[in-house]
There are 2 protein chains.
Amino acid sequence: MATVAARTAQRVLASDLAQHTGEQVRIEGWIHAIRKFGAVNFLVVRDRSGMAQVVLEPEDVAPLDGLQVETVVAVYGTVEEEPRASHGVEIRHARVEVISPVTDVLPFELNKKKFKPTLDVFLNNAPVGLRYPTRQATFRLYSDLLFGFRDYLDHRNFVEIHTPTMVGAATEGGANVFQLDYFGRPAYLAQSPQLYKQIMVGVFERVFEIGPAFRAEEHYTVRHLNEYNSLDVEMAFIESFHEVMDLLIELLEHMVQTALERHPHDAELAGMQMPRFGEVPRLKFRDAQRMILERYAEDRSNDLDLSPQDERWIGEWAAEEFKSDFVFVTHYPTSKRAFYTLPDPEDPEHSLSFDLIFQGQELVSGSQRVHRYDQLLQIMEQRGMNPESFAGYLQAFKFGMPPEGGFAIGSERLLMRLVGAENLRETTLFPRDVNRLGP
Amino acid sequence: MATVAARTAQRVLASDLAQHTGEQVRIEGWIHAIRKFGAVNFLVVRDRSGMAQVVLEPEDVAPLDGLQVETVVAVYGTVEEEPRASHGVEIRHARVEVISPVTDVLPFELNKKKFKPTLDVFLNNAPVGLRYPTRQATFRLYSDLLFGFRDYLDHRNFVEIHTPTMVGAATEGGANVFQLDYFGRPAYLAQSPQLYKQIMVGVFERVFEIGPAFRAEEHYTVRHLNEYNSLDVEMAFIESFHEVMDLLIELLEHMVQTALERHPHDAELAGMQMPRFGEVPRLKFRDAQRMILERYAEDRSNDLDLSPQDERWIGEWAAEEFKSDFVFVTHYPTSKRAFYTLPDPEDPEHSLSFDLIFQGQELVSGSQRVHRYDQLLQIMEQRGMNPESFAGYLQAFKFGMPPEGGFAIGSERLLMRLVGAENLRETTLFPRDVNRLGP
């Protein structure tokens with residue numbers, strides 16, 4: 001290994017090496033693997049663009065003794081064709097310079113085809129575990145999904161907003177809310193930006209927000225966490241809640257398309273494919289129960305909500321009858337939805353609400369909202385809510401709110417389903433649950 | 001006013017009316033103003049695109065009695081040329097349909113040239129106050145700044161991340177941190193995503209995050225809030241911290257340019273102009289003190305930080321000597337910066353840190369970071385910090401971290417300065433301070 005040399009040449013990324021065939025280059029990255037075969041030895045260097053193979057001549061081998069994987073290095077050498085290497089080239093006549101030494105041994109191997117740690121071991125060591133190529137790929141796709149989300153909405157005149165996380169009253173009711181000390185009085189972490197995005201629809205008609213949402217759920221499940229990144233959309237001057245569902249489907253398709261186009265190699269690594277959209281069916285809650293009775297011989301007619309098994313059956317029905325991985329269930333019982341959900345004027349016991357079921361599991365909830373001030377006050381009274389706790393929210397309605405609706409997508413849950421992960425903790429960078437507050 | 005009619009025609013936005021001259025159209029929005037002149041009367045209808053003037057014939061006037069501004073209406077009529085109206089057209093032969101009635105009187109007028117409420121009255125009534133055209137414009141520009149931020153970074157291979165808000169240990173030290181009850185144990189609201197974005201640089205090399213940051217500051221100032229939206233950037237394999245500053249300046253220029261190009265009319269309304277970038281000077285902390293002594297005859301040589309007056313003088317110097325609204329102060333005393341700041345190897349009492357001063361006030365803080373594990377441990381020991389509280393963070397460094405640096409922009413503060421607001425509360429949708437937890 002050489003001493004530090006003047007870095008005259010620009011760094012070349014692994015993915016660009018083939019454009020520099022025959023040239024002297026410098027690459028920089030992490031030692032992903034060290035392969036000693038006696039006469040010929042290799043380093044695999046990983047950077048943000050991929051892997052580069054470095055050939056080490058016999059005289060270069062000795063200083064590699066004791067070198068650990070994940071050491072950060074600069075490699076100087078000549079790019080030469082090698083069809084068996086990734087990108088069809090490798091670096092020969094190499095000189096390796098250590099930028100950041102590593103002296104410890106990794107808690108698990110990052111350079112094997114199969115990634116072996118249990119979920120708990122992985123999560124405890126996420127700061128290095130996330131470097132594993134399929135994990136990297138998963139979260140690069142996550143970034144792409146967010147890009148697609150904004151890109152779609154931006155082209156349709158939606159305005160991005162950021163509303164407070166610390167609030168004076170619980171948004172969705174008092175249960176499952178984290179409380180904090182706010183200069184001697186209680187404050188709460190927002191369970192959603194619901195009330196703020198509705199207020200802002202009165203300003204911009206169309207808004208979206210990307211931000212954390214909090215639920216103090218005490219139970220451990222594979223698809224719930226205590227903090228998640230919510231993708232919230234709200235739109236005004238709708239003529240029907242079907243417009244909201246139309247937009248949601250187009251939006252999701254655009255998000256996945258964006259990720260697949262921007263990083264096809266990552267999509268392959270992480271196992272993300274375009275789901276089947278087809279003509280997404282829309283099934284009323286009561287009709288879903290009827291379908292379950294007819295098709296699966298289970299009488300759900302007294303239930304006010306769908307069970308996980310019901311959702312799986314509905315997903316199966318949509319896949320078989322409509323060749324779609326998605327299905328909307330609409331018109332849930334009004335009593336089971338939040339106070340801001342608009343009751344169906346033709347059947348007030350049911351609401352203009354929907355859940356989008358993706359491959360047999362709920363992914364998105366949404367609805368048309370109550371937009372008339374008098375109706376909102378009446379509903380709050382019926383539900384025993386105190387209008388004074390919602391004074392700011394109600395002011396927006398007192399001064400004219402158009403017909404509007406929206407939805408919220410749990411972003412990590414969408415990613416989980418798209419890559420076929422079994423646990424939401426696999427698609428959340430640093431998950432928070434009742435047992436886990438770190439790293 | 002007519003009864004509800006079938007909405008056969010597509011809604012037309014106010015800004016698109018001129019394209020429909022001579023046609024029957026439907027517009028929808030809020031009644032922004034009602035102007036009764038006897039024989040000829042006007043409604044001004046506001047939608048997300050702007051204003052539309054509606055002429056009401058004498059026979060239509062009667063039903064307007066008692067109608068309040070901000071009522072949500074649909075208006076059916078014919079588009080005709082009228083050079084004196086906005087967009088050069090107005091709607092005649094109009095029929096007005098009330099969608100959401102308003103019966104109360106606004107707390108302040110939204111349709112006057114001058115917006116009169118005091119800041120406190122405005123903030124107490126923000127849900128309607130934000131509808132005032134210059135306020136709308138301000139926050140539409142905010143959305144554009146965020147768009148420009150991502151757009152710039154996306155084109156340079158930065159990956160968007162979302163890291164936890166609830167953390168087990170205070171990021172920047174124990175003071176000024178909000179504490180919450182996390183299932184019976186204490187948790188804290190992140191003061192910044194600093195440690196996580198550094199960990200993620202070990203995965204993606206280049207990352208950014210947009211999300212809330214929290215400071216439990218007990219004092220009221222015009223430029224601090226207890227929750228703000230932080231724009232965090234971190235980049236690896238830098239050869240010098242000047243690369244980080246280069247990127248920051250290009251990024252800011254792109255952000256403002258984006259806003260000005262996307263919404264020039266809003267920029268005019270809100271008073272946003274392109275600041276003078278010029279050749280942004282970079283002044284070492286010690287040299288800044290020397291300049292102040294020479295130019296302003298004040299001896300600051302014993303100070304370890306800059307006062308607000310110092311920053312104003314430095315800004316004045318940059319404006320006069322470099323025709324720039326920006327100036328970097330670099331090499332702050334190491335003891336006054338966070339533990340992760342890299343001491344200058346040639347002068348360890350000073351650090352490879354910078355603040356960007358914009359028109360005489362600090363706007364952005366950043367630095368090159370300590371990237372070697374051994375050095376990081378040594379610094380933590382010197383500062384009396386417990387490495388076990390930072391185990392996850394340290395793991396990333398134990399397993400190889402490249403030279404890296406980054407910065408954080410307070411997004412609402414940037415907006416405040418760009419539109420020349422006097423208080424951060426004017427450029428934050430729903431601000432949080434020691435006295436204010438709502439709306």
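Predicted model, so just to flag it, every value in this text is computed and none were measured. Proteins get letters first, then strands, A, B, ... in listed order; numbering begins at 1 in each.
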So, the part of B/F399 with a heavy atom under 4.5 Å from chain A: the answer is both

Applying a strict 4.5 Å limit to non-hydrogen atoms, the region of B/E209 in contact with chain A is neither

If you tally heavy-atom pairs under 4.5 Å between each of A/T163, A/L106, A/D181 and chain B, the highest tally belongs to A/L106

Applying a strict 4.5 Å limit to non-hydrogen atoms, the region of B/L429 in contact with chain A is side chain

Counting heavy-atom pairs under 4.5 Å with chain B, the top scorer among A/A391, A/A236, A/G202, A/G184 is A/G202

Bottom line for A/D151: the part with an atom under 4.5 Å from chain B's heavy atoms is neither

Of the listed A/V73, A/I210, A/D104, the one with the largest count of heavy-atom pairs under 4.5 Å with chain B is A/D104

Per-residue tally against chain A (heavy atom, under 4.5 Å) across B/E227, B/E218, B/R185 peaks at B/E227

Cut-off 4.5 Å, heavy atoms of chain A, and the answer for B/V105 is backbone

Okay, A/T71 and chain B: the region with an atom under 4.5 Å from a heavy atom over there is neither

Looking only at A/H371, A/R150, A/Q136, A/M401, the option with the highest number of non-hydrogen pairs under 4.5 Å against chain B is A/R150

Are A/Y393 and A/Y196, when compared by the centres of their aromatic rings, separated by less than 6.0 Å?
no

Does the A/S49 side chain pair with the main chain of A/S15, one donor and one acceptor, at a distance under 3.5 Å?
yes

| For B/G400, does its backbone N or O pair with a side-chain atom of A/W30 as donor and acceptor, under 3.5 Å? | yes

Across all chains, not counting sequence neighbours, the salt bridge (charged side-chain N to carboxylate O under 4.0 Å, His left out) partners of B/D374 are B/R372

Honestly, the part of A/N229 sitting under 4.5 Å from a heavy atom of chain B is side chain

Honestly, the part of A/P212 sitting under 4.5 Å from a heavy atom of chain B is side chain

Review point. So does B/H155 have more than 12 non-hydrogen atoms from other groups sitting under 6.0 Å from NE2?
Key: no

Answer key: most heavy-atom pairs under 4.5 Å with chain B among A/T428, A/N125, A/I199, A/N124 is A/N125

Whatever's closer than 4.5 Å to a heavy atom in chain B on A/V207 counts as neither

Pi-cation contact, A/F147 with A/R262 (under 6.0 Å, within 45°): yes

When the 4.5 angstrom heavy-atom criterion is applied to A/P133 and chain B, the contacting part is neither

(Q) Against the six-membered ring of A/F204, is B/R140 placed for a cation-pi contact (under 6.0 Å from the centre, within 45° of the normal)? (A) no

Whatever's closer than 4.5 Å to a heavy atom in chain B on A/Q179 counts as backbone

Residues 123-134 of chain A vs salt bridge (charged side-chain N to carboxylate O under 4.0 Å, His left out), sequence neighbours excluded, gives A/E70-A/R131

Okay, A/R135 and chain B: the region with an atom under 4.5 Å from a heavy atom over there is neither

Okay, B/Q395 and chain A: the region with an atom under 4.5 Å from a heavy atom over there is both

Turns out that what part of A/D144 lies under 4.5 Å from chain B's heavy atoms comes down to neither

Under 4.5 Å to a heavy atom of chain A? For B/F397 that would be neither

I'd like to know if the side chain of A/D433 and the backbone of A/L225 have a donor-acceptor N/O pair within less than 3.5 Å.
no

- prompt: Is the closest side-chain donor-acceptor distance between A/R436 and A/N226 under 3.5 Å?
  reply: no

Looking only at A/G29, A/P164, A/P101, A/P107, the option with the highest number of non-hydrogen pairs under 4.5 Å against chain B is A/P164

With no hydrogens and no angle check, just 3.5 Å: does a side-chain donor-acceptor pair link A/T103 and A/Q68? no

Under 4.5 Å to a heavy atom of chain B? For A/Q198 that would be neither

Turns out that what part of B/Y132 lies under 4.5 Å from chain A's heavy atoms comes down to neither

Are side-chain N/O atoms of B/Y142 and B/S411 paired as donor and acceptor at under 3.5 Å? yes

Bottom line for A/F430: the part with an atom under 4.5 Å from chain B's heavy atoms is both

When the 4.5 angstrom heavy-atom criterion is applied to A/R432 and chain B, the contacting part is both

Honestly, the part of A/L394 sitting under 4.5 Å from a heavy atom of chain B is neither

Problem set entry | Steps toward salt bridge (Lys or Arg N to Asp or Glu O under 4.0 Å) verdict (B/E205, A/R11) | CA-CA 14 Å; B/E205 297 187 19; A/R11 173 193 184 200; 3.0 Å; yes

Practice item. Check whether NZ of the Lys or CZ of the Arg B/R215 lies under 6.0 Å from the centre of the six-membered ring of B/Y228 and within 45 degrees of that ring's axis. Key: no

| query | Checking ring pair (Phe, Tyr, Trp, His ring centres under 6.0 Å) for the pair A/Y188/A/F178: CA distance, chi angles, key distance, verdict? | reply | CA-CA 6 Å; A/Y188 307 94; A/F178 286 109; over 10 Å; no

